[in-house]
Every structure is written in C-alpha cells, then in structure tokens.
Amino acid sequence: MNPPCGRCNKPVYPTEKINCLDKYWHKGCFSCEVCKMALSMNNYKGFEKKPYCSMHYPKSSFTIVTDTPENLRLKQQSQLNSQALYKEEFEKNKGKGFSVVVDTPEMQRLKKTQDQISNIKYHEEFEKSKIRSDAPPPENRQEQEMQSSHPEIFSQPAGQMRPAAASPPSGGKRYQALYSYTAAEADEVTLQEGDLILDVEPIDEGWMFGCNQRTGKKGMLPANYVRPV
C-alpha cells in the first residue's frame, strides 16, 4: 500500500514521493508550515517533524531538553561540589588576609612598591608645602644637624677625621634615606629620614640591600626611599 502524505493524508505514489522527517510527502505538499513556500531536500529545516523555511524556522528553546531529571541532578551535584570547594578554600585562607589567586608573592611585592611610590609623592608634596624656598637641601640639613650635635668632630682638621666617618668599612656605595620607612618583613631594614646606608647593592627593580649605619641592621630596602651620596 502507498503511505499517506504528511500534509494532505492522501496516498503518496513512488513517482512523487519525498521521504523526510520520518514521513512521506507529495512534492507539492512538502512546503513551509508558515508561508507554504515549496521546499526541497536542500533548503528545508525540520522542527518537531515538520518542514520550515529558513525565515520561519522556530527559535528552539532548550529548557525542556536541558532540565531533565538527570541534568537537574547533575546541576545540583555541580553546585554542591562548587560550594564544598569554596568552603574548603575559605577555611584554608581564613585569617591570612589575602586571596590565593590574586595576592601572590609577586603581586604583594608590586602592591608594596605602589604603596611606597604613593608615600613618596605624599612626602614630596608635604615637603614642598613645608620647606621654604631658601631652606638647605636634605644633605646640608643632615650635615648641619651633625655639626650642631658633635661640634668637636667637625672642628678637627681634615687629616684627623676618623676613617669610618668618611667611607664605609668595606668600601661599598653609600646612600642616604630621603624618607622614613618601617620594615614590613624580617629581611628588611627600618629607615629614618637622613639615615646613612652603607655597602648598598642593587637586587632587582625597586629594591636594594644595605646596612643602616645608625642601627647596624642589614637587609632589603626600597630603592626609591634613598639616594646616593
């Protein structure tokens, strides 16, 4: 027997039969469900076993397919796993004060450098507003303070000056602190404005290693807090 047409339900004979979408169609009946435009096997789009043209093809919603009981169970399990991982990471990092992903050692170092640059700008603005135009530079102020505190040293002839006061013991570079700095790590040194730093060696961008002559403490210090003398 000849099967019925999917459109008109009349028998479809082999000479005019189109087999598509699990149905048999007359060539003239194989058309768009909306605009009735004649379709072929090359330009049709099927939806719910009905042919459509490209213009009137329904916008399919995936809610029915996605929200099956199995997919809902998998979605719920995924949410539970995410919550468990979040709680585990929270417990690990509770009290540390930083995020594992963001606050890496390198990011902490960059953040510290940015804070130091901000402090330098603040000090520069503060000094500009405080110091008169005829005030001596920082190195002269340091020298004047030392002269007022130890007049007997500066009153001696140049040949009788102590060698240690003239140059560092190991002959390294000398720097002077422009601003005060409080050590944030065990391997850093604390500075006060005017401190002399001996045996200074550059480490990497923004950091140096040296010895604070006032405290005798050796360690790392920010390079933008000091200047060579």
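These figures come from a predicted structure and were not determined experimentally.
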Checklist entry - So, is the end of the Lys45 side chain (NZ or CZ) under 6.0 Å from the ring centre of Tyr57 and within 45° of the ring's axis? => result yes
Checklist entry - Are Tyr52 and Leu39 joined in one hydrophobic group, where the rule is that I, L, V, M, F, W and Y side chains link up if heavy atoms are under 4.5 Å apart? => result no
Checklist entry - Counting distance only, does the side-chain N/O of Arg214 pair as donor-acceptor with the main-chain N or O of Leu191 below 3.5 Å? => result no
Next on the checklist: Any heavy-atom pair between the side chains of Gln114 and Ile117 that's under 4.5 Å?
Outcome noted: no
Next on the checklist: Test of understanding: clusters of I, L, V, M, F, W, Y form through side-chain heavy atoms closer than 4.5 Å, transitively. Do Val12 and Leu21 belong to the same one?
Outcome noted: no
Next on the checklist: So which atom in Pro58 and which in Phe47 form the shortest heavy-atom distance, rounded to 0.1 Å?
Outcome noted: CG-CD2, 3.6 Å
Checklist entry - Hey, is NZ on Lys50 packed in by over 12 heavy atoms from elsewhere, all under 6.0 Å? => result no
Item to check | Spatial distance of atom SG (Cys211) from atom CD (Glu201) [nearest 0.5 Å] | outcome: 13.0 Å
Item to check | From Gln176 atom CD to Ile197 atom CD1, the distance as rounded to the nearest 0.5 Å | outcome: 9.0 Å
Checklist entry - Any donor-acceptor pair under 3.5 Å linking the side chain of Ser180 with the backbone of Glu193? => result yes
Item to check | From CZ (Phe209) to CG (Asp187), nearest 0.5 Å | outcome: 9.0 Å
Next on the checklist: For Cys35 versus Cys53, what's the shortest heavy-atom pair and its separation?
Outcome noted: SG-SG, 3.8 Å
Checklist entry - Are the aromatic ring centres of Phe30 and Tyr44 under 6.0 angstrom apart? => result yes
Next on the checklist: Between Pro14 and Asn2, is there a side-chain heavy-atom distance shorter than 4.5 Å?
Outcome noted: yes
Next on the checklist: Between Glu33 and Arg7, does the side chain to side chain contact (heavy atoms under 4.5 Å, CB included) criterion hold? Intermediate values first, please.
Outcome noted: CA-CA 9 Å; Glu33 288 286 324; Arg7 178 78 67 193; 2.5 Å; yes
Item to check | Main-chain N/O of Lys36 paired with His56 side-chain donor or acceptor, under 3.5 Å | outcome: no
Item to check | Validation row: Cys8, His26 side chains within 4.5 angstrom (heavy atoms) | outcome: yes
Checklist outcome for this item: Distance col, row Lys27:NZ vs Cys5:SG, nearest 0.5 angstrom, shows 13.0 Å
Next on the checklist: Quick check on Gln76: does its CD atom have over 12 non-hydrogen neighbours (other residues, nucleotides or ligands) under 6.0 Å away?
Outcome noted: no
Item to check | Cluster overlap Met208 with Ile203, hydrophobic side-chain contacts below 4.5 Å | outcome: yes
Item to check | Taking every non-hydrogen atom, the tightest pair across Tyr181 and Val189 | outcome: CD2-O, 3.6 Å
Next on the checklist: If hydrophobic clusters are built from ILVMFWY residues whose side chains come within less than 4.5 Å, do Tyr24 and Met41 share one?
Outcome noted: no
Item to check | Presence of salt bridge, Glu188 and Lys218, under 4.0 angstrom | outcome: no
Checklist entry - Hey, which of Asn224, Leu221, Thr113 is the one that makes side-chain contact (heavy atoms from CB on, under 4.5 Å) with Trp207? => result Thr113
Next on the checklist: Working to the nearest 0.5 angstrom, can you tell me the gap between Gln192 CD and Asn212 CG?
Outcome noted: 8.0 Å
Next on the checklist: Same cluster or not: Leu80 versus Leu74, using hydrophobic residues (I, L, V, M, F, W, Y) connected whenever any side-chain heavy atoms lie under 4.5 Å apart?
Outcome noted: no
